[in-house]
Amino acid sequence: MRSAALLLLVVLVGPTLGDDWPQWMGPSRDNIWRETGILKAFPKSGLKSAWKTPVAGGYSGPAVSSGRVVVTDYITKDNVKVGNFERNEFTGIERVHCLDEKTGESLWKYEYPVKYSISYPSGPRCTPVVRDGRVYTLGAEGNLVCLDLTNGEVLWEHDLKQEYGTKSALWGYSSHPLIDGDRLICLVGGEGSHCVAFDTGTGKERWRTGTATEQGYSPPMIIEAGGARQLVLTGANIVYSVNPETGKLYWSVPYEATNGSIIMTPIHAGEYLFVAGYSNKNLLLQLDNEKPAATVVWRDLRKSALSPVNVQPFLHDGTLYGCDQNGAMMGVDLQTGKRLWESAWPLAEDRPLQTGTSFIVKQGGRYWLFTEQGDLIIANLTRTGFEELDRQKVIDATNVAFGREVVWAAPAFANGHIYLRNDKEVIRIDLREK
């Protein structure tokens, strides 16, 4: 009888354990939210913030781990709402905030002065990485810092521009660092040091590899192909693969990215690898099954395929979903590059189509989209089209791009909640099914 009562209690209460979101694109860096017990539609009374905590400017998403929320920002007295391709100097302070996940209360803060000379100078771009009680952050001008998650103590740090004799790309250091074993892998720049692996514990360099005309923005990723683990990297003029243990080159393919603008993480699906960027610079590679090697299937399809700018596409059952450089949401067949459908939604029918941004996360059989207008959407994405199930405004768009208001920071989905930030605040919203 007692056992039956306990079982009933478990069923009624539901799962109590959630998942953290400790880095860019979640625990597995695949934009899949694996929790259950999440609401199917928004309450009629509207979503409510559990807490709001002030922050300053930034494009970096929050990381959620071990009961903490870590987010970075940039505080300055200068006007940072400037033209899209201007490189002026701005003086301010980059900050790392650690907040209590349940209350939003500040637990500690680390800050350092930095002079920006980049376009879109509102703040840092890279989502922090939290692993084994440590926080790794990469600022917009190449300040790489490792902090103790408990108290914010600096464990090690690097000034990448100064140490490697390079400069920041037009839009700053934007490639989210990747942890592989005991190595923190970063796009750095410079001759022979396009990518560098640092020891996660000491910060010492483990290896360096590659030369590119500019470090680029695409995050590094690990794949299994050709009988080997491969680290896939992109620069402004190249896509290449190296051994993640040593940095030794496996293969490379020339690739011209307009303005160096490959921002998405490459997508790996079986024998295929897809990467794309601005001005219809899209590329599908076929990976060799027997050894680490790659050949071009198609490239630069101007009237088809998908060329995302600010946002990560999502691949499911051979179909790519994402916002094209013109702002429209598309469904694209991966193998052929053929566009299956195109829609002005989820942004807006009356919005000028240009560099549209909708962050896409899959949860169960549906998708959560967070748009640059500050809307949260529940949707179905299939080979036949986009179906909106529900929508609600959740945060203000506080930045500007091409004359419109935007919010360009990826959310975190953790422990039944969504964590969002703009240039004024970071907020927590409960998405659990009541």
Side-chain angles (χ1 to χ4, degrees), residues 25 29-32 175 178 187 195 210 212 216-242 249-326 328-342 355-356 358 360 362 381-384:
M25 298 204 308
R29 288 175 80 107
D30 57 5
N31 272 335
I32 296 179
S175 173
L178 167 70
L187 292 194
C195 180
Y217 312 98
S218 176
M221 69 173 297
I222 301 285
I223 65 172
E224 297 268 358
R229 294 180 77 246
Q230 301 184 40
L231 173 64
V232 177
L233 303 164
T234 68
N237 62 340
I238 192 172
V239 177
Y240 64 109
S241 161
V242 303
L249 179 68
Y250 281 138
W251 55 261
S252 66
V253 174
Y255 177 84
E256 180 190 352
T258 304
N259 292 322
S261 184
I262 311 173
I263 297 173
M264 64 170 284
T265 300
I267 290 178
H268 175 226
E271 60 182 340
Y272 295 109
L273 186 72
F274 173 76
V275 65
Y278 180 67
S279 193
N280 299 296
K281 296 294 184 179
N282 40 61
L283 175 68
L284 184 69
L285 299 174
Q286 185 167 17
L287 302 169
D288 195 291
N289 289 324
E290 303 298 327
K291 62 182 185 299
T295 55
V296 176
V297 179
W298 48 256
R299 67 162 75 223
D300 300 345
L301 302 182
R302 302 193 66 81
K303 295 184 179 180
S304 58
L306 177 67
S307 297
V309 179
N310 298 334
V311 71
Q312 180 70 22
F314 194 94
L315 178 70
H316 181 67
D317 287 345
T319 306
L320 284 165
Y321 303 106
C323 279
D324 189 66
Q325 62 187 30
N326 68 3
M329 176 67 74
M330 295 180 180
V332 173
D333 182 81
L334 176 67
Q335 291 190 31
T336 65
K338 178 182 177 182
R339 288 181 186 170
L340 305 173
W341 54 265
E342 180 176 341
T355 60
S358 291
I360 305 172
K362 190 175 189 294
L381 295 174
T382 67
R383 288 179 70 87
T384 59

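Counting from 1, the numbers follow the sequence of the chain as shown. Computed from heavy atoms alone, side chains included, the values below leave out hydrogens, waters and symmetry copies.
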Minimum side-chain heavy-atom gap [X]-[Y] below 4.5 Å:
| X | Y | answer |
| --- | --- | --- |
| Val332 | Lys338 | no |
| Ser241 | Ser252 | no |
| Met221 | Arg29 | no |
| Asn280 | Asp300 | no |
| Val232 | Ile222 | no |

Please round to the nearest 0.5 Å and tell me the distance separating atom [atom1] of [X] and atom [atom2] of [Y].
| X | Y | atom1 | atom2 | value |
| --- | --- | --- | --- | --- |
| Lys362 | Ile32 | NZ | CD1 | 6.5 Å |
| Glu342 | Met330 | CD | CE | 3.5 Å |
| Arg229 | Tyr250 | CZ | OH | 9.5 Å |
| Trp341 | Leu381 | CH2 | CG | 5.5 Å |
| Met25 | Asp30 | CE | CG | 7.0 Å |
| Ile262 | Thr265 | CD1 | OG1 | 11.5 Å |

Between Trp251 and the options Thr295, Asp288, Leu285, the side-chain contact (heavy atoms from CB on, under 4.5 Å) test singles out Leu285
For Leu284, run the side-chain contact (heavy atoms from CB on, under 4.5 Å) check against Leu273, Thr336, Leu334 and tell me which one passes.
Leu334
Please list, chain by chain and in numerical order, all residues satisfying side-chain hydrogen bond (donor to acceptor under 3.5 Å, both in side chains) with Arg339, sequence neighbours excluded.
none
Taking all atoms of both residues into account, what is the closest heavy-atom pair of [X] and [Y], and its distance?
| X | Y | result |
| --- | --- | --- |
| Tyr255 | Arg299 | CA-NH1, 4.1 Å |
| Leu187 | Cys195 | CD2-CB, 4.1 Å |
| Gly337 | Ser304 | O-CB, 3.3 Å |
| Met264 | Ile267 | CE-CG1, 3.8 Å |
| Gly277 | Ser307 | O-CB, 3.3 Å |
| Ser218 | Pro266 | OG-CD, 3.4 Å |

Dump the intermediate steps for side chain to side chain contact (heavy atoms under 4.5 Å, CB included) on Phe314 and Leu320, then the final yes or no.
CA-CA 6 Å; Phe314 194 94; Leu320 284 165; over 6 Å; no
Could you go through the side chain to side chain contact (heavy atoms under 4.5 Å, CB included) check for Leu283 and Val239 one step at a time?
CA-CA 10 Å; Leu283 175 68; Val239 177; 4.1 Å; yes
Decide side chain to side chain contact (heavy atoms under 4.5 Å, CB included) for Tyr321 and Arg383; before the verdict, give the C-alpha distance in whole Å, the side-chain angles of both, and the deciding distance to 0.1 Å.
CA-CA 9 Å; Tyr321 303 106; Arg383 288 179 70 87; 4.2 Å; yes
Any donor-acceptor N/O pair, His316 side chain to Gly318 backbone, under 3.5 Å:
no
For Ala225, does its backbone N or O pair with a side-chain atom of Gln230 as donor and acceptor, under 3.5 Å?
yes
Please walk me through it: do Leu306 and Asn282 pass side chain to side chain contact (heavy atoms under 4.5 Å, CB included)?
CA-CA 7 Å; Leu306 177 67; Asn282 40 61; over 6 Å; no
